[in-house]
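Read through the structure below, which is laid out as structure tokens, and then see the notes.
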Amino acid sequence: MEAKIAPSMLSSDFSNLASEAHYMLQCGADWLHMDIMDGHFVPNLTIGAPVIQSLRKHTTAYLDCHLMVTNPLDYVEPFGKAGASGFTFHIEASKDNWKEIIRRVKAAGMRPGVSLKPGTSVDEVYPLIEDEEPVQIVLVMTVEPGFGGQKFMPEMMDKVRTLRKKYPSLDIEVDGGLGPSTIELAASSGANCIVAGSSIFGAKEPAEVISIFRKSVEGAQQNKQWQR
Ligand code: DX5
Ligand code: ZN
């Protein structure tokens, strides 16, 4: 699986979003991770479709949107129109309507993904991966969603290993507390899409951190380290 390194723009200077995005792409980012929080599903409020629409005017980059919202279905159309690339919703907020969400996300030209909070069991996402209209990425939260700068939860790696063994060609993303000291564990467990906010934006040389992430994922993928 290809490595995708996605700086979380939550850690950027939101008042200079376009230039921060350009800087990350210059530093080697593959995707830009956009954290959408509604102040209800999580105790924090960030950005919505209008900001995605504004940023889209400045870049053709893949905008990996992570929706930490109570009613993901309501966001599909606005995000599609705004130019989002990936639409990753939470299983905890979509137990009754995930099929409808996936269908509408695809119809809107976006790539569907599902995310799970630390307390949610991994088997809850199997039906979404095995459906005839499946999600194309699973985002395993490695912190409680809501804020950047939290500590990585290594116990979440069981979920990543389980998913990687069961679905060898699935995009598996990890989000929360990723940095040079935690990437090895995440990569060797089978994660290939890496989200990181504070460790990238807080670094003197973000390009170096992005390159450490990439090497780690590529090495682990080559040796299939999760099989050991
Ligand atoms: C947290 C967000 C993350 C956050 C990660 O709810 O989903 O994307 O920005 O930040 P760091 O890398 O600082 O833990
Ligand atoms: Zn996120």
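First listed ligand is number 1; within each ligand, the first listed atom is number 1. Index from 1, following the sequence.
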Discussion item. Could you tell me if Ser8 and Asp35 have a donor-acceptor pair between their side chains, going purely by distance under 3.5 Å?
Written reply: yes
Worksheet entry | Modelled atom types, side-chain donor and acceptor of Arg228 and Asn223, under 3.5 Å |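 No, Asn223 and Arg228 have no side-chain donor paired with an acceptor closer than 3.5 Å.
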Discussion item. In this structure, does ligand 1 have an atom that sits under 4.0 Å from one of the heavy atoms of Ser199?
Written reply: no
Minimum-distance protein heavy atom relative to [atom]:
| atom | answer |
| --- | --- |
| atom 10 (O) of ligand 1 | Gly148 CA, 3.5 Å |
| atom 1 (C) of ligand 1 | Phe147 O, 3.5 Å |
| atom 14 (O) of ligand 1 | Gly177 N, 2.8 Å |
| atom 2 (C) of ligand 1 | Asp35 OD1, 3.4 Å |
| atom 12 (O) of ligand 1 | Gly197 N, 2.7 Å |
| atom 13 (O) of ligand 1 | Ser198 OG, 2.5 Å |
| atom 6 (O) of ligand 1 | Gly146 N, 2.7 Å |

Worksheet item: Do Gly149 and ligand 1 have an N or O pair less than 3.5 Å apart?
Response: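 It does: an N or O of Gly149 is found under 3.5 Å from an N or O of ligand 1.
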Discussion item. Before moving on, can you tell me the angle at the Zn ion (ligand 2) between the NE2 atom of His33 and the OD1 atom of Asp35, to the nearest 10 degrees?
Written reply: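 Angle NE2(His33)-the Zn ion (ligand 2)-OD1(Asp35): 90°, rounded to 10°.
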Discussion item. Please report, to 10°, the angle around the Zn ion (ligand 2) from atom OD2 (Asp175) across to atom ND1 (His66).
Written reply: 90°
Any atoms of ligand 1 less than 4.0 Å from a non-hydrogen atom of [X]? List them with their elements.
| X | answer |
| --- | --- |
| Met68 | 6 (O), 7 (O) |
| Ser8 | 4 (C), 8 (O), 9 (O) |
| Met37 | 6 (O) |
| Pro145 | 6 (O) |
| Met141 | 7 (O) |
| His33 | 8 (O) |
| Asp175 | 2 (C), 3 (C), 4 (C), 5 (C), 7 (O), 8 (O) |
| Ala196 | 12 (O) |

Worksheet item: Using the ring of each side chain (for Trp, its six-membered ring), is Trp31 parallel, tilted or perpendicular to Tyr62, with breaks at 30° and 60°?
Response: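 Geometry flag for Tyr62 against Trp31: parallel rings.
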Practice prompt. Look at the rings of Phe79 and Phe87 and say which category their plane angle falls in: under 30° parallel, 30 to 60° tilted, over 60° perpendicular.
Written response: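 Plane angle over 60°, so perpendicular.
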Below 4.0 angstrom, N of the basic side chain to O of the carboxylate: do [X] and [Y] qualify?
| X | Y | answer |
| --- | --- | --- |
| Arg103 | Glu132 | no |
| Glu77 | Arg104 | no |
| Lys99 | Asp131 | yes |

Worksheet item: Centre of Trp226's six-membered ring, under 6.0 Å away, within 45 degrees of the axis: is that where NZ or CZ of Arg161 sits?
Response: no
Worksheet item: Has Glu2 got more than 12 heavy atoms of other residues, nucleotides or ligands less than 6.0 Å from its CD?
Response: no
Rounded distance (nearest 0.5 Å) linking atom [atom1] of [X] with atom [atom2] of [Y]:
| X | Y | atom1 | atom2 | value |
| --- | --- | --- | --- | --- |
| Asp64 | Leu32 | CG | CG | 9.0 Å |
| Leu67 | Ser115 | CG | OG | 10.0 Å |
| Asp171 | Cys193 | CG | SG | 4.0 Å |

Fill in: Contact partition for Val195 relative to ligand 1, non-hydrogen atoms under 4.0 Å
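Side chain only.
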